[in-house]
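First up is the structure itself, then whatever we jot down about it.
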Number of protein chains: 2
Amino acid sequence: MSDGRSPAAVRSDNLLFLTDEQLRQGSEAMFFAYRGFTADPDRILGDMAYGRAHHRAIHFIGGAPGTTVNNLLNILGVTKQSLNRVLRTLIADGLVQSKVGRNDKRERHLYLTEEGRALEQKLSDAQRARLRAAFREAGPEAVAGFRRVLEAMMDPEMRASYTRLRGSGS
Amino acid sequence: MSDGRSPAAVRSDNLLFLTDEQLRQGSEAMFFAYRGFTADPDRILGDMAYGRAHHRAIHFIGGAPGTTVNNLLNILGVTKQSLNRVLRTLIADGLVQSKVGRNDKRERHLYLTEEGRALEQKLSDAQRARLRAAFREAGPEAVAGFRRVLEAMMDPEMRASYTRLRGSGS
DNA sequence: CTTGGAGTGTCAACAAGGCTGACGTACCCT
DNA sequence: AGGGTACGTCAGCCTTGTTGACACTCCAAG
């Protein structure tokens, strides 16, 4: 039920001495940190007609120009209807360009326009500033540990996406 | 270690060699890891009539029995209307009990019922299992670094909430 | 006692962003 | 020619966030 009452529970974790309380603190750290992590871009987007979903799309298109819709779908883990709604507005507003594939004409390859790149820059600058400050404050070894834990926390398929297996244009 | 292409960019961060690419990877690690982090409870809640908001409420009430509505509001960072909608269903369903404060009768102190505690247990067990596995895989030093970075990433007020300043009963 | 303000509950309306289901179109491949 | 793939889209539903407005209870100050 709770921390340290049962010697057996502690013993079962004797390698790392992970009490429930420590794990609880880990959960809450994730919650609060993620809030901080998204706070800056959210504030910027709040002033415009866009939301976090647009940010994600712009981010991953910017990071893998020429990626296909299907590819993005897998990375973001949403339905095509959800993604399409976001993509439609971004394309209509001229932030994203969609090109029919050369090899396979069913596919659409996505690129940021100049305007899209500008917004991506603005958003990621805000987010990177916080991340940079946090990394500096915590120190290099802490950053390495941070990365190791986060990686271990992902679903395996996501770990693959994360490890630079991003799809590229045909 | 550093894949610095632009000497100027590297030099500007010479203390830690933080390239934009490293920060980008940090962002994506947060994104994918948070997805993994919430995946298990979300799956459980999806079968019931509850969502992530209910999980959060139950979690923080369970961790600080007797907390007031206002307290919870500050921790969760949502409007009272949003929280109230969630709380109302939890109270109606008998998972949460709301008691009028002794000293200040305007306040409501929130507690989990037996049933509520059971659900909290079920949800946090799933989440803790993933966290535990990740912590084990990454090792103790990595966990310490993980905590340090997350803490540095929070907003200052949230850091206060996180550091066990949770409100308690009247 | 009156009054102001804090803490809370609640109604109404709305928006973002998830979801499912269904359908159409264009295309690739066998 | 037909089946499966990639994509777009319409329609509808849900959760969860938002504002704004209003009422009630109660504490504390005047």
Side-chain angles (χ1 to χ4, degrees), chain A residues 31 34-35 38-39 41-58 61 66-93 96-110 167 169-170, chain B residues 31 34-35 38-39 41-59 66-93 96-110 167 169-170:
Chain A
F31 172 67
Y34 196 76
R35 279 255 303 271
T38 57
D42 280 358
R43 208 170 303 125
I44 295 174
L45 289 163
D47 299 339
M48 322 173 64
Y50 299 136
R52 205 177 291 180
H54 300 85
H55 181 196
R56 287 197 287 261
I58 288 179
I61 294 172
T67 191
T68 65
V69 172
N70 217 8
N71 213 311
L72 209 47
L73 238 40
N74 292 327
I75 289 176
L76 296 176
V78 296
T79 60
K80 63 173 180 175
Q81 291 90 332
S82 269
L83 176 57
N84 188 258
R85 175 170 39 197
V86 166
L87 238 34
R88 205 186 320 169
T89 72
L90 289 176
I91 291 172
D93 294 351
V96 167
Q97 194 186 1
S98 164
K99 289 184 186 170
V100 172
R102 277 204 307 275
N103 298 342
D104 187 335
K105 293 180 189 169
R106 291 169 303 177
E107 297 181 338
R108 308 298 151 93
H109 298 276
L110 303 170
S170 66
Chain B
F31 172 67
Y34 197 75
R35 279 255 304 269
T38 56
D42 280 359
R43 208 169 304 125
I44 295 174
L45 289 163
D47 300 338
M48 323 172 64
Y50 299 136
R52 206 178 290 180
H54 299 83
H55 180 195
R56 288 198 285 262
I58 288 177
H59 174 95
T67 192
T68 64
V69 172
N70 212 17
N71 213 313
L72 211 48
L73 237 39
N74 292 327
I75 290 176
L76 296 175
V78 297
T79 59
K80 63 173 178 174
Q81 291 89 334
S82 263
L83 176 58
N84 189 257
R85 175 171 37 201
V86 166
L87 239 33
R88 205 186 321 167
T89 70
L90 290 175
I91 291 171
D93 294 352
V96 168
Q97 194 185 2
S98 164
K99 288 185 188 169
V100 173
R102 277 202 307 274
N103 298 341
D104 186 338
K105 293 181 188 168
R106 290 168 301 179
E107 297 182 338
R108 308 299 149 94
H109 298 275
L110 303 168
S170 64

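What you see is a predicted model; the values in this text were computed from it and never measured. A note on names: the letters A, B, ... follow the listed sequences, proteins ahead of strands, and every chain is numbered from 1.
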*asked:* Ignoring hydrogens and geometry beyond distance, is the side chain of B/Arg106 in donor-acceptor contact with the base of C/dA6 at under 3.5 Å?
replied: yes
_Base of C/dG7, side chain of B/Lys80 - is there a donor-acceptor contact under 3.5 Å?_
no
To the nearest angstrom, how far is [X] atom [atom1] from [N] atom [atom2]?
X: B/Leu73; N: C/dT8; atom1: CG; atom2: P; value: 8 Å
X: B/Asn74; N: C/dA6; atom1: CG; atom2: P; value: 14 Å
X: A/Gln81; N: C/dG21; atom1: CD; atom2: C1'; value: 8 Å
X: A/Glu107; N: C/dT25; atom1: CD; atom2: C1'; value: 16 Å
X: A/Arg56; N: C/dA16; atom1: CZ; atom2: C1'; value: 11 Å
X: A/Lys105; N: C/dT25; atom1: NZ; atom2: C1'; value: 15 Å
X: B/Leu45; N: C/dG18; atom1: CG; atom2: P; value: 18 Å
X: A/Asn103; N: C/dC28; atom1: CG; atom2: P; value: 9 Å

*Have a look at B/Ala57 and say if it touches a base, only the backbone sugar-phosphate, or nothing, with a 4.0 Å heavy-atom cut-off.*
nothing
*May I ask you to say what B/Gly46 touches in the nucleic acid, namely base, sugar-phosphate or nothing, with a heavy-atom cut-off under 4.0 Å?*
nothing
*Of the non-hydrogen atoms in B/Val69 and B/Leu83, which two are nearest, and what is the gap between them?*
O-CD2, 3.9 Å
*Nearest nucleotide by nearest heavy atom, which residue falls closer to the 5' end of DNA chain C, A/Arg52 or B/Ser98?*
B/Ser98
*Let me know, please, whether B/Ile91 or A/Val78 comes out on the 5' side of the other along DNA chain C by nearest nucleotide.*
B/Ile91
*Between A/Leu76 and B/Phe31, is a side chain to side chain contact (heavy atoms under 4.5 Å, CB included) present by the stated rule, with each step listed?*
CA-CA 9 Å; A/Leu76 296 176; B/Phe31 172 67; 4.3 Å; yes
Does [N] have OP1 or OP2 sitting under 4.0 Å from an N or O in the side chain of [X]?
X: B/Arg88; N: C/dC11; answer: yes
X: A/Thr79; N: C/dC19; answer: yes
X: A/His54; N: C/dG17; answer: yes
X: A/Arg85; N: C/dG17; answer: no

Any heavy-atom pair between the side chains of [Y] and [X] that's under 4.5 Å?
X: A/Tyr50; Y: A/Ile58; result: no
X: B/Leu87; Y: B/Leu110; result: yes
X: B/His109; Y: B/Thr68; result: yes
X: B/Val100; Y: B/Arg108; result: yes
X: A/Leu90; Y: A/His54; result: yes

*Give me the first and last nucleotide of DNA chain D, going 5' to 3', that has any atom under 4.0 Å from a heavy atom of chain B.*
D/dT15 to D/dC27
_Selection residues 47-57 of chain B - residue pairs positive for salt bridge (Lys or Arg N to Asp or Glu O under 4.0 Å), sequence neighbours left out_ = B/Asp42-B/Arg52
